[in-house]
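See structure below.
Residue numbers start at 1 and run along the sequence shown. These values consider heavy atoms only, across backbone and side chains, with no hydrogens, waters or symmetry-generated copies.
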Amino acid sequence: MHVLQSLSLIGVLAISAAAAAVPDDPHNVTPIDVNSPAPKFVAKEVDGRAFQFDPTSLRQPILIIFYRGGWCPYCNAQLQDLHTAVPQIVAMGYQVLFLSTDQPKLLYSSLKEKVDYHLLSDSSMDAAHAFGVAFHVDATTLAKMKTYGIDLEATQGTARHELPVPAVFIVDRNGVVRFRHYDPDYTVRLDAAHVLEAAKNAQGIASGG
């Protein structure tokens with residue numbers, strides 16, 4: 001019994017330590033560095049199936065875009081801005097993944113306009129934690145969001161109260177991060193032209209150019 005209690009306590013402490021590592025201010029996030037090995041993560045497809053990202057077994061370079069959710073007007077604008085760049089990036093050999101905090105069933109329906117991107121649910125924040133872009137949303141901000149009709153617990157399906165700092169990462173076929181962009185100001189996004197340029201430059205690095 002004492003052993004079980006000790007193991008349970010260790011589990012609780014581990015969870016508490018992980019939660020404590022997530023900052024309360026988006027300005028204090030510490031995204032993974034360029035030239036570092038990309039982390040593993042598990043997200044969910046729109047039908048709830050697990051999507052496992054394993055950087056040790058990639059067949060193509062990956063462009064990963066973290067956005068807050070379909071309820072966010074700046075995220076909608078970003079996704080629309082990328083509509084011409086994404087097909088070009090895919091044609092270059094990339095897989096493009098969009099990670100949202102919306103729960104799976106809301107991934108597409110919550111957006112203001114239809115997209116044909118590969119959207120994944122990171123409502124568990126597993127990917128955001130792994131890439132170092134997660135932060136806690138304080139009570140004041142949560143209350144303010146509700147005045148705009150935004151209920152994170154409803155959109156995410158959890159009471160985690162966390163969001164990612166919007167970010168873009170490029171991971172090469174060897175599982176190494178070759179590019180990152182993030183901005184604590186959620187109104188600032190990397191535009192399509194610069195995303196396309198980053199994809200071309202990362203491809204050049206991978207080929208030794």
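Annotation for Tyr117: atom OH counts as buried by contact number, over 12 foreign heavy atoms lying within 6.0 Å. Residue Phe51 qualifies as enclosed at atom CZ: its count of foreign heavy atoms under 6.0 Å is above 12.
For the pair Tyr148 and Trp71, the minimum side-chain heavy-atom distance is 4.5 Å or more. In this structure, Ser124 and Asp122 have side chains that are in contact, with non-hydrogen atoms separated by less than 4.5 Å. Counting heavy atoms from C-beta outward, Leu119 and Tyr67 have side chains that approach closer than 4.5 Å. Using a 4.5 Å heavy-atom cutoff, the side chains of Val176 and Arg178 are in contact. In this structure, Cys75 and Arg189 have side chains that are in contact, with non-hydrogen atoms separated by less than 4.5 Å. Side-chain contact between Leu107 and Ser100: present, with at least one pair of heavy atoms (C-beta onward) separated by less than 4.5 Å. Under the 4.5 Å side-chain criterion, counting only non-hydrogen atoms from C-beta, Phe66 is not in contact with Thr101. Using a 4.5 Å heavy-atom cutoff, the side chains of Val137 and Met145 are in contact.
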Show me the donor-acceptor pairs within less than 3.5 Å that the side chains of residues 83-96 make with the rest of the protein, sequence neighbours left out.
unit_1	atom_1	unit_2	atom_2	d
His83	ND1	Gln80	O	2.6
Gln88	NE2	Thr84	O	3.1
Tyr94	OH	Ala199	O	2.5

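Scanning for side chain to side chain contact (heavy atoms under 4.5 Å, CB included) contacts around Leu190 gives Val168, Phe179, His181, His194, Val195, with sequence neighbours left out. Taking the side-chain hydrogen bond (donor to acceptor under 3.5 Å, both in side chains) definition, one finds that Glu45 meets it with His118, sequence neighbours left out.
With hydrogens and angles ignored, the 3.5 Å screen pairs a side-chain donor or acceptor of Gln156 with a backbone N or O of Glu162. Between the side chain of Asp102 and the backbone N or O of Gly70 there is at least one donor-acceptor pair closer than 3.5 Å. With hydrogens and angles disregarded, a donor-acceptor distance shorter than 3.5 Å links the side chain of Arg180 to the backbone of Pro31. Using a distance-only test at 3.5 Å, with no hydrogens or angles considered, a donor-acceptor pair links the side chain of Asp25 to the main chain of His27. For the pair Asn76 (side chain) and Lys112 (backbone), a donor-acceptor distance under 3.5 Å is present.
Neither Leu152 nor Leu106 shares a network with the other; the hydrophobic side chains, linked directly or stepwise wherever heavy atoms of I, L, V, M, F, W or Y lie under 4.5 Å apart, form separate groups for each. Taking hydrophobic clusters as Ile, Leu, Val, Met, Phe, Trp and Tyr residues chained together by side-chain heavy-atom distances below 4.5 Å, Ile62 shares a cluster with Val133.
Contact between Pro164 and Arg68 at its shortest, heavy atoms only, is O-CG, 4.0 Å. Smallest separation of non-hydrogen atoms from Leu82 and Ile65: CD1-CD1, 3.6 Å. The minimum heavy-atom distance linking Ala43 with Leu99 is given by the pair CB-CD2, 4.0 Å. Closest approach of Ile32 and Phe169 over heavy atoms only: CG2-CE2, 3.7 Å. Contact record, Ile170 with Ala202: CG2-CB, 3.7 Å, taken as the closest heavy-atom pair. Residue Val42 comes nearest to Asp126 through the heavy atom pair N-OD2, 2.7 Å, listed as atom of the first residue, atom of the second, then distance.
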